[in-house]
Amino acid sequence: PTGQHEYIGGFASYPNGITAQQVQQHFAASDWYRGVMAASSIFSSKPSKPTPAVVTNDFCSDMDGAVQAWILQRLHQMGYINLLGVVDTEGSSYGPQYMTYLLARGGMGQVPVLQTTVTEADGGFCGGALSTVTQAASVARSSYPTPNTTLCSALAAQPNSSVVFFDGGGATTTSNLLQVASSCGGTSGASLFASKVNSYYWQAAGTTTASGSAGGYNWAVDTTSTAYVLAHWPTAVPMYVNGLSAQGNAPGMCNLYPTNSIEYASWYNWSSGHCAAGTDVRGGWDSYTVLQWLFPSWFTNSANGLFTYSSSGNTYGWASTTAGGQYLTTNSINTIPIRDFLDSMLWTDPALHATK
């Protein structure tokens, strides 16, 4: 009868029909949909126990950092990772407070929010987003702890070779950790890092041809730290560096969340023109740090190639018959699954699963 509805796995189906916006808001967040996605090949790599993870990023510098944060938050809720700490690396006052609010909204207030000061521009959307959700952007950045003490304790408590690092920012956090002399769980930061970290994914490089130049933004933002990390890297820990991006439209992102939500406010304050035009461009660079770890079969390393770094922070990568550094490519057959994965992560409101 008209007006009745059937409640199926958390998704209300109304006989009189539902709007596309309601489908996006509720269907992707339903228990049924989550079950299907968890059983599908897209998520077949779920570990038996959540993988301990650290993320360091310039969250408010550009939208791709916020997108990476949203994806990692969902993976934490779904049991793929256990976030040990979140480090904000861009220089505004808003980044740590933005991440604190975001994590708390998803029921993850126990995750430490840390900050390391580097000279990066504020992308201009975090302050406005916080204001939209009536969170005055007034918490001093200096009130948040710096990473060394927290990360040393967190790493020391993990099994050997178990932790994954997702780095979408500069090298400051890692450089500082590697230089801790002896107060990192009773050992040096470098020794602890080498024994506990399983892999390191860094969105760092702007690659180009041999004759051109490219500013590897995350490498150039703190060239001293980048040079130290590359010179003192523990060789037992694989480092995966890329400059790929899943840039593209994500239909309905501006219509998905309520206008008073942090997600909507982030997109709108980043570029209101995209919302008005209905083309919600997704900043996807930093998402690749997660994609490489979760779906390694979707990518291919070249047999050979050259990859170099200059003191100015420029990075150079090109095809070559000389072995000197492999470069990463995306298997073309996986372009659609990559977009499907990103959409499924972004179309699911983390606040709906805060207690699950």
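- Applying ring pair (Phe, Tyr, Trp, His ring centres under 6.0 Å) to Phe165 and the options Trp202, Phe193, Trp293 leaves one that passes, Phe193.
- Taking all atoms of both residues into account, the shortest heavy-atom contact from Ile262 to Val133 is N-CG1, 3.5 Å.
- Arg141 has its side chain within reach of Asp88: a pair of non-hydrogen atoms, C-beta onward, lies under 4.5 Å apart.
- Counting heavy atoms from C-beta outward, Leu177 and Cys184 have side chains that approach closer than 4.5 Å.
- Put simply, CD on Gln115 and OG1 on Thr56 are 11.0 Å apart, with the number rounded to the nearest 0.5 Å.
- Side-chain contact between Arg74 and Tyr80 is absent, with no heavy atoms from C-beta onward closer than 4.5 Å.
- At least one side-chain heavy atom of Leu75 sits less than 4.5 Å from a side-chain heavy atom of Ile81.
- The backbone N or O of Thr150 sits nowhere less than 3.5 Å from a side-chain atom of Ser153 that would complete a donor-acceptor pair.
- Lys196 places no side-chain N or O within donor-acceptor distance of the main-chain N or O of Pro159, the cut-off being under 3.5 Å.
- With a 4.5 Å cut-off on side-chain heavy atoms, Val237 and Asn198 do not count as touching.
- Side-chain atoms of Thr172 and Asp222 include a donor-acceptor pair closer than 3.5 Å.
- Side-chain contact between Thr89 and Asn57 is absent, with no heavy atoms from C-beta onward closer than 4.5 Å.
- Side-chain contact, Thr174 with Tyr228: no donor N or O sits under 3.5 Å from an acceptor N or O.
- Checked by atom type, the side-chain pair Gln203/Asp286 shows no donor-acceptor distance below 3.5 Å.
- For the residue pair Tyr200 and Asp167, a side-chain donor N or O sits within less than 3.5 Å of a side-chain acceptor on the partner.
- Looking at heavy atoms from C-beta onward, Ile71 lies out of side-chain contact with Leu291 at the 4.5 angstrom threshold.
- Within the 4.5 Å cutoff, the side chain of Leu83 has heavy atoms near those of the Val55 side chain.
- Minimum heavy-atom separation, Ala69 to Leu102: CB-CD2, 4.3 Å.
- In this structure, a donor-acceptor pair under 3.5 Å is absent between the side chains of Tyr240 and Thr289.
- Thr100 places a side-chain N or O within donor-acceptor distance of the main-chain N or O of Pro96, the cut-off being under 3.5 Å.
- Closest heavy-atom contact between Val67 and Ser287: CG1-OG, 3.5 Å.
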